[in-house]
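Structure record follows, encoded as structure tokens.
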Protein chains: 2
Amino acid sequence: MEKDEAIKLNNQLCFSIYSLSREINKLYRPFLEELNLTYTQYLVMLVLWEKESCTMKELGDSLFLDSGTLSPVLKRLTERALTYRKRDPDDERRVLISLTEEGKQLKETAAEIPGRLIKKSGLTEEEFSRTLFDFTNLLQHIQQANTE
Amino acid sequence: MEKDEAIKLNNQLCFSIYSLSREINKLYRPFLEELNLTYTQYLVMLVLWEKESCTMKELGDSLFLDSGTLSPVLKRLTERALTYRKRDPDDERRVLISLTEEGKQLKETAAEIPGRLIKKSGLTEEEFSRTLFDFTNLLQHIQQANTE
DNA sequence: CCCAATTTAATTTTGTGCAATTTAATTGCG
DNA sequence: CGCAATTAAATTGCACAAAATTAAATTGGG
């Protein structure tokens, strides 16, 4: 690519991904409003619905987020009584995060979202799977580049 | 996909694109630090390097951002003397945003970034182009779904 | 065993994103 | 023409992200 072309907005990988990310966020928003969760809160809940309970650290490793982001998010989820926090007796530095009954129950409603979302996106099941696969591959590739 | 699989974190389109977006941001950060620009400020500058001058509205249309985001960004770019603002005499509602000499000059340094970035990402020129193409297509697809 | 280094979270600061509101300017219908 | 509806920006409030700092608990080498 010519240098003059390369510096144009619409030739930036960062811009296409950034726009796409916000557009997909927008696609989710009406569904998340039904759950009264933000995007980030939803991601945290996804981890907890799989693990039932985990430390702040494990949550951060799963979501690639640090305590600077997660502490306030968990504070809000706890205020909403979807989660609760407890220091790990075996290591008082660690905070164990668990689902309350209400938090567990929310999974039933949330389980409907992925299907409804694919339908709304207008993608076929195959397109969805391939896109997910491509994204995940590229993510690993870039994470590699970032840690070298 | 089974419903139980569908609700797992790593099967969410939102999570893969969200992680990818932040990872790409991370890939850019060292280069943007050289320019002393944030990611969003860089995107604004990309538009201005192409157009030389435009209104807040046009900037928002290009970047899919509204004045709530752009006003403070432009305030900072203007404080740094990379841009300046002027009301459009033909329509006093509009704000014309233009590059200062310093803003124009920064393009020379910035022009090196796309090439260095592709190299750092470890993608071939072909992979880069195909990825860009796929993302741009999907973006249009989702934007369609969001406006129906 | 002891203290320095490490680990885990929380907090602070800065800069977005986005929805909702406000203000000023312009447009267009009756 | 006159005023209601529309448009363009700025502002406000809330919730992230990421870097840097702080604080408390744990670990490990001498």
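Letters A, B, ... are given to chains in the order of the sequence lines, protein chains preceding strands, and every chain is numbered from 1.
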At a cut-off of 3.5 Å, list every protein nitrogen or oxygen paired with a nitrogen or oxygen from nucleotides 2-6 of chain C, distance to 0.1 Å.
none

Can you check whether A:Leu132's main-chain N or O pairs, donor with acceptor, with A:Thr136's side chain at less than 3.5 Å?
-> yes
For A:Leu74 and C:dT8, give me the distance from atom CG to atom C1', rounded to whole Å.
-> 14 Å
Are A:Lys8 and A:Glu5 within salt-bridge range, i.e. N to O under 4.0 Å?
-> yes
Test: B:Lys107 and B:Glu50 ion pair at under 4.0 Å = no
B:Asp88 CG to D:dT7 P: how many Å, rounded?
-> 17 Å
Within residues 23-32 of chain A or reaching into it, pairs that qualify as salt bridge (charged side-chain N to carboxylate O under 4.0 Å, His left out) - sequence neighbours excluded = A:Glu23-A:Lys26
Salt bridge check: are B:Arg130 and B:Glu125 linked by an N-O gap of less than 4.0 Å?
-> no
Are the aromatic ring centres of B:Tyr18 and A:Tyr28 under 6.0 angstrom apart?
-> no
Please state how far atom NZ in B:Lys75 lies from atom C1' in D:dA9, giving the value in whole angstrom units.
-> 14 Å
Between B:Glu102 and B:Arg80, does at least one N-O distance fall below 4.0 Å, as a salt bridge requires?
-> no
Please list, for nucleotides 16-20 of chain C, all pairs of protein and nucleotide N/O atoms separated by less than 3.5 Å.
{"residue": "C:dT16", "atom": "OP1", "partner": "B:Thr38", "partner atom": "OG1", "Å": "2.7"}
{"residue": "C:dT16", "atom": "OP2", "partner": "B:Gln41", "partner atom": "NE2", "Å": "3.0"}
{"residue": "C:dT16", "atom": "OP2", "partner": "B:Arg76", "partner atom": "NH1", "Å": "3.3"}
{"residue": "C:dT16", "atom": "O3'", "partner": "B:Thr40", "partner atom": "OG1", "Å": "3.0"}
{"residue": "C:dG17", "atom": "OP2", "partner": "A:Tyr18", "partner atom": "OH", "Å": "2.5"}
{"residue": "C:dG17", "atom": "OP2", "partner": "B:Thr40", "partner atom": "OG1", "Å": "2.9"}
{"residue": "C:dC18", "atom": "OP2", "partner": "A:Arg22", "partner atom": "NH1", "Å": "2.8"}
{"residue": "C:dA19", "atom": "OP1", "partner": "A:Arg29", "partner atom": "NH1", "Å": "2.9"}

Look at the side-chain heavy atoms of Ile, Leu, Val, Met, Phe, Trp and Tyr, link any pair under 4.5 Å apart, and say whether B:Leu48 and B:Phe64 land in one connected group.
-> yes
